[in-house]
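What follows is a set of notes on a single structure, which appears directly below.
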Amino acid sequence: MCRHETPCPPAYAPGREAARPIASHPEQGWSLLCNGVVLFEDTGELLPDGRAVPPHRPAVTAVATVKPDQPAMAVSGSCP
């Protein structure tokens with residue numbers, strides 16, 4: 001399906017998300033890649049044979065927060 005010089009990864013290869021988009025609809029949250037994969041903004045995918053790949057964003061382990069009534073912590077370092 002891909003006609004690019006240095007062909008894009010096929011739809012069933014591990015690096016399939018690196019294929020070039022041929023149609024993009026960010027307002028709807030999806031793009032069609034030249035290998036036939038539909039890539040969703042949540043990182044889920046729809047393969048050409050209809051199989052769905054669930055979202056696979058990296059997990060967030062901790063989020064730092066600063067309360068408005070507390071000063072931010074100073075970080076020591078070598079910055080001027």
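Values reported hereafter were calculated over all heavy atoms of this structure, with side chains retained and with hydrogens, waters and symmetry mates removed.
Listed for the H25 side chain is no donor-acceptor partner under 3.5 Å among the backbone atoms of A23. The closest donor-acceptor contact from the side chain of T43 to the backbone of H56 lies under 3.5 Å. A side-chain donor-acceptor contact under 3.5 Å links N35 to the backbone of P9.
In this structure P48 satisfies the side-chain contact (heavy atoms from CB on, under 4.5 Å) test together with A11, Y12, V37, sequence neighbours excluded. Every side-chain contact (heavy atoms from CB on, under 4.5 Å) that L46 has, sequence neighbours left out, goes to V38, F40. Applying the side-chain contact (heavy atoms from CB on, under 4.5 Å) criterion to E41, with sequence neighbours excluded, gives no partner residue.
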Could you walk me through whether R16 and E45 pass the salt bridge (charged side-chain N to carboxylate O under 4.0 Å, His left out) test, one step at a time?
CA-CA 10 Å; R16 64 182 160 255; E45 302 168 16; 2.5 Å; yes
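By the 4.5 Å heavy-atom criterion applied to side chains, I22 and L33 are not counted as neighbours.
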